[in-house]
Amino acid sequence: MLDLRPNCELCDRDLPPDAAEARICSYECTYCADCAENVLHNVCPTCGGNFLPRPIRPRRNHREGKALGLGHHPAATRRHHSPWSAAQIAEMVDRLASIAPDQR
């Protein structure tokens with residue numbers, strides 16, 4: 001199950017569970033759409049993978065007999081911050097941005 005991290009790991013913008021602008025990589029690193037597109041250029045500074053919109057977890061359970069939705073599986077509250085310096089991020093982005101995600 002996705003962690004649904006509460007913030008952009010670069011600019012610290014709040015990204016609540018229903019944020020359409022949240023982007024994640026395959027390791028769940030989480031960034032806002034602006035940072036993912038305009039700063040990171042679709043390159044995760046941790047793994048080098050790409051970003052996709054983070055799915056929105058439904059607020060409530062829509063299936064009888066199932067424990068689903070935010071009421072049963074709330075979003076994470078611990079904020080994450082990228083461990084990489086601006087120089088390290090720039091180096092990764094410069095090296096990988098021109099390579100298609102499926103070729104990285």
Side-chain angles (χ1 to χ4, degrees):
M1 175 179 339
L2 290 174
D3 198 26
L4 297 183
R5 295 176 182 175
N7 64 301
C8 174
E9 296 180 32
L10 197 58
C11 73
D12 202 33
R13 176 181 176 181
D14 288 339
L15 294 171
D18 62 351
E21 62 277 357
R23 301 291 181 266
I24 61 172
C25 75
S26 66
Y27 290 96
E28 298 183 44
C29 297
T30 304
Y31 297 91
C32 68
D34 186 52
C35 286
E37 295 163 16
N38 299 315
V39 178
L40 301 173
H41 300 281
N42 201 30
V43 175
C44 176
T46 299
C47 70
N50 64 314
F51 296 105
L52 292 173
R54 181 180 72 189
I56 294 173
R57 186 168 297 153
R59 291 183 179 150
R60 64 182 188 85
N61 183 14
H62 295 281
R63 288 280 180 195
E64 188 73 31
K66 293 284 188 178
L68 301 171
L70 286 170
H72 295 281
H73 302 283
T77 57
R78 186 174 71 86
R79 297 179 83 81
H80 292 253
H81 301 282
S82 177
W84 311 110
S85 69
Q88 290 171 314
I89 291 171
E91 184 278 324
M92 179 81 93
V93 169
D94 288 346
R95 189 164 37 93
L96 298 177
S98 64
I99 303 169
D102 65 332
Q103 300 298 309
R104 292 182 195 158

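It should be emphasised that the depicted structure is a prediction, and the values quoted were computed from it without experimental measurement. Throughout, residue positions are numbered sequentially from 1 according to the sequence presented. Just the heavy atoms: all of them, side chains too, but no hydrogens, waters or symmetry mates, feed the values below.
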Shared hydrophobic cluster for Leu70 and Leu2 (ILVMFWY, side-chain gaps under 4.5 Å): yes
Side chain to side chain donor-acceptor pair (under 3.5 Å) involving Glu21 - partner list, sequence neighbours excluded: Arg13
Gap separating the CZ atom of Arg54 from the OH atom of Tyr31, nearest 0.5 angstrom: 13.5 Å
Closest non-hydrogen atom pair, Arg5 against Cys29: NH1-CA, 3.6 Å
Residues, nucleotides or ligands: over 12 heavy atoms within 6.0 Å of Arg59 CZ: no
Shortest non-hydrogen separation from Pro45 to Trp84 and the atoms involved: O-NE1, 3.5 Å
Shared hydrophobic cluster for Leu52 and Val39 (ILVMFWY, side-chain gaps under 4.5 Å): no
Inter-residue atom distance Ile24.CD1 - Thr30.OG1, 0.5 Å rounding: 6.5 Å
Salt bridge (charged side-chain N to carboxylate O under 4.0 Å, His left out) partners for Asp94, two or more places apart: none
Exercise: identify the closest heavy-atom pair between Arg23 and Ala20: NH1-O, 3.0 Å
Minimum-distance pair of heavy atoms, taken over all atoms of Pro58 and His62: CB-CD2, 4.0 Å
Interatomic spacing from NE2 in His81 to CG in Leu10 - rounded to 0.5 Å: 11.0 Å
Smallest separation among heavy atoms of Cys32 and Leu15, with atom names: N-CD1, 3.9 Å
Basic-acidic side-chain contact under 4.0 Å: Asp3, Arg78: no
Modelled atom types, side-chain donor and acceptor of Asn7 and Asp12, under 3.5 Å: yes
Intermediate values then yes/no, side-chain contact (heavy atoms from CB on, under 4.5 Å), Thr46 and Glu9: CA-CA 11 Å; Thr46 299; Glu9 296 180 32; 5.6 Å; no
CZ on Arg57 to NE2 on His73, rounded to 0.5 Å: 7.5 Å
Transitive ILVMFWY side-chain link Phe51 to Ile99, under 4.5 Å: yes
Separation between OG of Ser85 and CD of Glu91, rounded to the nearest 0.5 Å: 9.5 Å
Point-to-point distance, once rounded to the nearest 0.5 Å, from CG of Asp34 to SG of Cys8: 8.5 Å
Minimal non-hydrogen separation, Glu28 against Leu4, with atom names: OE1-N, 4.4 Å
